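Some notes on the structure that comes next.
The model shown is predicted, which means the values in this text are computed figures rather than measured ones. All residue numbers in this chain count up from 1 along the given sequence.
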Amino acid sequence: MYLNSDISDKAVEKGADTDGFVISAAYKGAKAAKQGTWGLWGNYYDQGAGTFIAHTMKAGDWGYFTKEGFKGYGVGINYTLAKNMVYNLDYYDLEGKESGRDSQIIWNRLQVTF
C-alpha cells in the first residue's frame with residue numbers, strides 16, 4: 001500500500017517525510033466458526049508524517065511518531081480457541097523516521113463474536 005500526505009509543515013518535523021508504504025503478508029488465518037484454525041501475518045511499515053491519524057499501535061514515544069512518521073515491522077498469530085472465540089497475539093518493533101526513537105509493543109486480545 002502506498003501512502004502520501006499533504007499535511008502542513010507546522011504539524012511535522014522540519015524536512016520530515018510525508019509519504020510511505022506498508023507491505024503485508026499473511027498465511028492461512030483463524031476462522032471464527034472453526035475451532036483449531038490459525039494464521040500468521042507480518043507487515044513492514046515505512047509511514048511518513050500525516051499518513052495516519054490514529055494508529056492502533058500507540059505506545060512509548062508515539063508523540064514523536066505523529067510529527068516525523070515511523071518505520072518498523074509487526075508480526076502476529078491468531079488461533080480459534082472455540083467457536084467464535086479467536087485469540088490474537090501481535091508484536092510491533094517501530095522507530096521514529098527522524099529521531100530513531102524506538103518502541104516495542106506486545107498486543108493481545110480475545111475476539112468473541114456472536
Side-chain angles (χ1 to χ4, degrees):
M1 169 180 13
Y2 173 74
L3 307 160
N4 194 340
S5 169
D6 63 355
I7 193 167
S8 134
D9 288 338
K10 294 176 187 171
V12 300
E13 294 290 323
K14 186 174 175 110
D17 190 11
T18 57
D19 67 347
F21 60 91
V22 178
I23 298 172
S24 301
Y27 179 73
K28 291 190 174 192
K31 309 287 184 231
K34 188 170 182 187
Q35 181 180 357
T37 57
W38 60 276
L40 300 170
W41 65 268
N43 290 342
Y44 178 77
Y45 305 94
D46 187 334
Q47 293 188 241
T51 61
F52 55 94
I53 296 172
H55 218 289
T56 58
M57 299 168 296
K58 290 184 178 181
D61 294 321
W62 198 258
Y64 289 94
F65 291 178
T66 58
K67 295 178 182 178
E68 64 179 293
F70 65 93
K71 59 185 175 180
Y73 67 92
V75 293
I77 186 166
N78 47 52
Y79 181 79
T80 304
L81 301 170
K83 185 175 180 179
N84 298 327
M85 294 180 68
V86 179
Y87 176 72
N88 298 275
L89 180 63
D90 305 344
Y91 173 77
Y92 299 94
D93 189 346
L94 308 170
E95 69 179 46
K97 289 181 83 170
E98 303 295 322
S99 67
R101 289 179 183 263
D102 201 24
S103 286
Q104 291 85 32
I105 301 130
I106 295 175
W107 187 15
N108 72 89
R109 62 196 177 280
L110 178 62
Q111 211 169 319
V112 180
T113 55
F114 46 102

Side chains of Val22 and Ser24: closer than 4.5 Å at any heavy-atom pair?
-> yes
Short side-chain to backbone donor-acceptor contact, Glu68 and Glu98, under 3.5 Å = yes
Tyr2: partners by side chain to side chain contact (heavy atoms under 4.5 Å, CB included), with sequence neighbours left out = Asn4, Asp19
Under 3.5 Å donor-acceptor, Glu95 side chain and Arg101 backbone = no
Which residue pairs pass the salt bridge (charged side-chain N to carboxylate O under 4.0 Å, His left out) test with at least one member in residues 43-53, sequence neighbours excluded?
-> Asp46-Lys97
Contacts of Tyr27 meeting ring pair (Phe, Tyr, Trp, His ring centres under 6.0 Å) (sequence neighbours excluded), chain-then-number -> Trp38
For the student: nearest non-hydrogen atoms of Tyr44 and Gly72, plus distance = CD1-O, 3.2 Å
Cluster overlap Trp107 with Leu110, hydrophobic side-chain contacts below 4.5 Å | no
Just how far is it from atom CG of Leu94 to atom NZ of Lys71, taken to the nearest 0.5 Å?
-> 11.5 Å
So the salt bridge (charged side-chain N to carboxylate O under 4.0 Å, His left out) pairs with at least one residue in residues 20-30 (sequence neighbours excluded) are none
Which residues satisfy the side chain to side chain contact (heavy atoms under 4.5 Å, CB included) test with Leu89, sequence neighbours excluded?
-> Ile77, Tyr87, Ile106, Asn108
Tell me, please, which residues at least two apart from Asp93 pass side chain to side chain contact (heavy atoms under 4.5 Å, CB included).
-> Tyr73, Tyr91, Asp102, Gln104
Rounded to the nearest 0.5 Å, what's the gap from NZ on Lys83 to CZ on Phe114? Could you check?
-> 14.0 Å
Residue pair Ala25 / Asn43: nearest heavy atoms and the distance that separates them = N-OD1, 4.3 Å
same_hphob_cluster(Val86, Trp41) at 4.5 Å side-chain heavy-atom cutoff | no
Determine, using the 4.5 Å side-chain heavy-atom cutoff (strictly less than), whether Val75 and Ile105 are members of one ILVMFWY cluster.
-> no
Across all chains, not counting sequence neighbours, the side-chain hydrogen bond (donor to acceptor under 3.5 Å, both in side chains) partners of Asn78 are none
In short, salt bridge (charged side-chain N to carboxylate O under 4.0 Å, His left out) pairs touching residues 105-114 with sequence neighbours left out are Asp90-Arg109
Considering residues at least two apart in sequence or located in another chain, which fulfil the side chain to side chain contact (heavy atoms under 4.5 Å, CB included) criterion with Lys31?
-> Lys34, Thr37
By side-chain hydrogen bond (donor to acceptor under 3.5 Å, both in side chains), Gln111 pairs with (sequence neighbours left out) Asn88
Flag yes if Leu3 and Tyr92 sit in one hydrophobic cluster, no otherwise; membership is Ile, Leu, Val, Met, Phe, Trp, Tyr, and two members link when side-chain heavy atoms are under 4.5 Å apart.
-> yes
